[in-house]
Amino acid sequence: MSSASSASSNALVSLTQPLTRRSCNIIRRALDEAYPQSEHPHDPAEAHAAVLVPFCNVHERPGVLLEVRGKLRTHSGEVSFPGGKVDETDESTLAAALRETEEEIGIRPDQLEILGRFGPPETSLKGLRVWPYVAFVHPDGTAAAAQVDEDAPLPSLALSALTLSPREVAHAFHLPLAALLSPPRLHAYLFRGARPYYAVSVADIVRGPGAVHADARDPAVRWTDDPARRDEVGGGREGRLEVWGLTGWYLSSLMRILRVYD
């Protein structure tokens with residue numbers, strides 16, 4: 001796997017300047033070219049889940065929102081995107097991603113501009129077929145955002161406005177896009193033992209001002225290492241808290257689509 005920094009000059013969007021209407025349109029086109037956007041027929045023999053990759057500006061810095069799972073959730077202490085299993089009441093995998101995002105971190109569907117999806121959908125360790133979607137978070141709603149000039153910075157999201165579900169989410173944080181090219185953060189792994197991707201160390205971000213906590217009285221960040229050292233189980237490798245496993249694979253896949261990574 002080549003150095004991530006070698007591709008940064010070819011990135012389709014700026015990693016340091018606020019995302020704009022033009023940026024969102026570029027991401028939408030890139031997703032459309034990379035993967036079919038029509039709803040995929042679901043194999044009834046499989047169980048399905050969906051996640052959302054929420055792009056946003058925070059303090060005029062572009063990035064994505066992630067969460068650290070809460071104590072009462074499977075794989076507690078691991079980093080993930082908002083999302084979960086598709087329920088019978090969900091009309092589609094996208095509907096499931098939107099519902100779970102609102103339940104977990106309080107972002108309403110009317111605040112999300114759907115930019116597309118990518119794939120192929122992978123199978124989680126629990127056997128769920130997981131469909132990844134991409135959106136931009138508009139703090140004041142998509143209707144207000146439609147009036148913004150194409151090259152003007154889109155409004156920044158105040159992390160304090162998020163409402164975390166304490167049962168499901170311990171922490172939510174903003175991962176700046178620029179951090180995805182920071183050599184000390186990146187660790188080259190093989191997804192399912194075969195496909196190279198970058199895991200990203202994030203413990204300092206979750207402990208810092210770029211995060212919010214379900215329990216403000218106890219904002220300590222806790223995660224566990226797997227005693228058996230199984231791949232994708234626990235917070236990360238060698239005691240690190242990382243964006244890794246399926247979440248790390250999806251993040252790397254999306255960054256390759258946007259030419260951040262080779």
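Put simply, the side chain of N57 gets close to the backbone of L154: a donor and an acceptor are under 3.5 Å apart. Proximity of a side-chain donor or acceptor of S252 to a complementary backbone N or O of Y198 within less than 3.5 Å is detected. The backbone N or O of V51 lies less than 3.5 Å from no partner atom in the side chain of E100, so there is not a single donor-acceptor pair. Of the possible polar contacts, none joining the Y35 side chain to the G116 backbone as a donor-acceptor pair under 3.5 Å is found. Between the side chain of H174 and the backbone N or O of L157, no donor-acceptor pair lies under 3.5 Å. Checking side-chain atoms of Q111 against main-chain N and O of G141 turns up no donor-acceptor pair under 3.5 Å. Without hydrogens or angle criteria, R129 side chain to P121 main chain gives a donor-acceptor distance under 3.5 Å. With E242 contributing its side chain and R237 its backbone, the two residues share a donor-acceptor pair below 3.5 Å. Formation of a donor-acceptor pair under 3.5 Å by the W244 side chain with backbone atoms of V79 is not found in this model.
When all heavy atoms of L159 and A211 are compared, the pair lying nearest together is CD1-N, 3.9 Å. Here the closest heavy-atom approach between residue V137 and residue P139 is recorded as O-CD, 3.5 Å. Across all non-hydrogen atoms, the minimal contact from S14 to P62 is O-CG, 3.9 Å. Residues L164 and V212 come closest through the heavy atom pair CD1-O, 3.8 Å. The two residues Y197 and L190 have their closest heavy-atom pair at CE2-C, 3.8 Å. Taking all atoms of both residues into account, the shortest heavy-atom contact from A135 to I114 is CB-CD1, 3.9 Å.
Between P82 and V169 the shortest side-chain heavy-atom distance does not fall below 4.5 Å. The shortest side-chain heavy-atom distance between L186 and V200 falls under the 4.5 Å cut-off. Two residues are said to be in side-chain contact when any heavy atoms from C-beta on lie closer than 4.5 Å; R185 and D204 meet this criterion. Contact check for K126 versus K85: no side-chain heavy atoms found under the 4.5 Å cut-off. In this structure the side chain of V64 never reaches within 4.5 angstrom of the side chain of L254, judged on heavy atoms. V58 places none of its side-chain heavy atoms less than 4.5 Å from the side chain of S156.
Cluster annotation: L94 is connected to W131 through the hydrophobic network of ILVMFWY side chains, with a link wherever side-chain heavy atoms come within less than 4.5 Å. Put simply, M255 and I27 are part of the same group of oily side chains (I, L, V, M, F, W, Y) that touch within less than 4.5 Å, one to the next.
One distance of note links SG of C56 with CD1 of I107; it measures 7.0 Å at 0.5 Å rounding. The CG atom of L115 lies 9.0 Å from the CG atom of L52; values are rounded to the nearest 0.5 Å. In this structure, the separation between CD1 on I105 and CD on E102 is 10.5 Å, given to the nearest 0.5 Å. In this structure, E150 CD and S23 OG are separated by 9.5 Å, a value rounded to the nearest 0.5 Å. Of the inter-residue distances, the one linking L175 atom CG with L66 atom CG reads 6.0 Å to the nearest 0.5 angstrom. Rounding to the nearest 0.5 angstrom, the gap separating the CD atom in E122 from the CG atom in L128 is 13.0 Å.
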For V134 and F118, run side-chain contact (heavy atoms from CB on, under 4.5 Å): C-alpha distance rounded to whole Å, both residues' side-chain angles, the deciding distance at 0.1 Å, then the answer. CA-CA 8 Å; V134 181; F118 59 103; 3.7 Å; yes
Check step by step if salt bridge (charged side-chain N to carboxylate O under 4.0 Å, His left out) holds for E103 and R167. CA-CA 10 Å; E103 290 176 0; R167 293 177 55 88; over 6 Å; no
With side-chain contact (heavy atoms from CB on, under 4.5 Å) as the test, would you mind laying out the steps for E78 and E232 before giving the verdict? CA-CA 9 Å; E78 295 182 7; E232 302 184 44; over 6 Å; no
In sequence, state the C-alpha distance, the side-chain angles, and the governing distance for T142 and L112, and then conclude on side-chain contact (heavy atoms from CB on, under 4.5 Å). CA-CA 7 Å; T142 55; L112 293 166; 5.7 Å; no
Checking L31 against I257 for the side-chain contact (heavy atoms from CB on, under 4.5 Å) test, could you report, in this order, the C-alpha distance in whole Å, the side-chain angles of both residues, the deciding distance, and whether it holds? CA-CA 7 Å; L31 292 170; I257 291 171; 4.3 Å; yes
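N25 and R28 form a side-chain donor-acceptor contact under 3.5 Å, judged by distance and modelled atom types alone. Side-chain contact, Y133 with R117: a donor N or O sits under 3.5 Å from an acceptor N or O.
A cation-pi contact, defined as under 6.0 Å to the ring centre and within 45° of the axis, links R256 to W249.
Two rings, from F81 and Y250, have their centers 6.0 Å or more apart.
Partner H171 forms a side chain to side chain donor-acceptor pair (under 3.5 Å) with one of H213, R222, E67 and no other, that one being H213.
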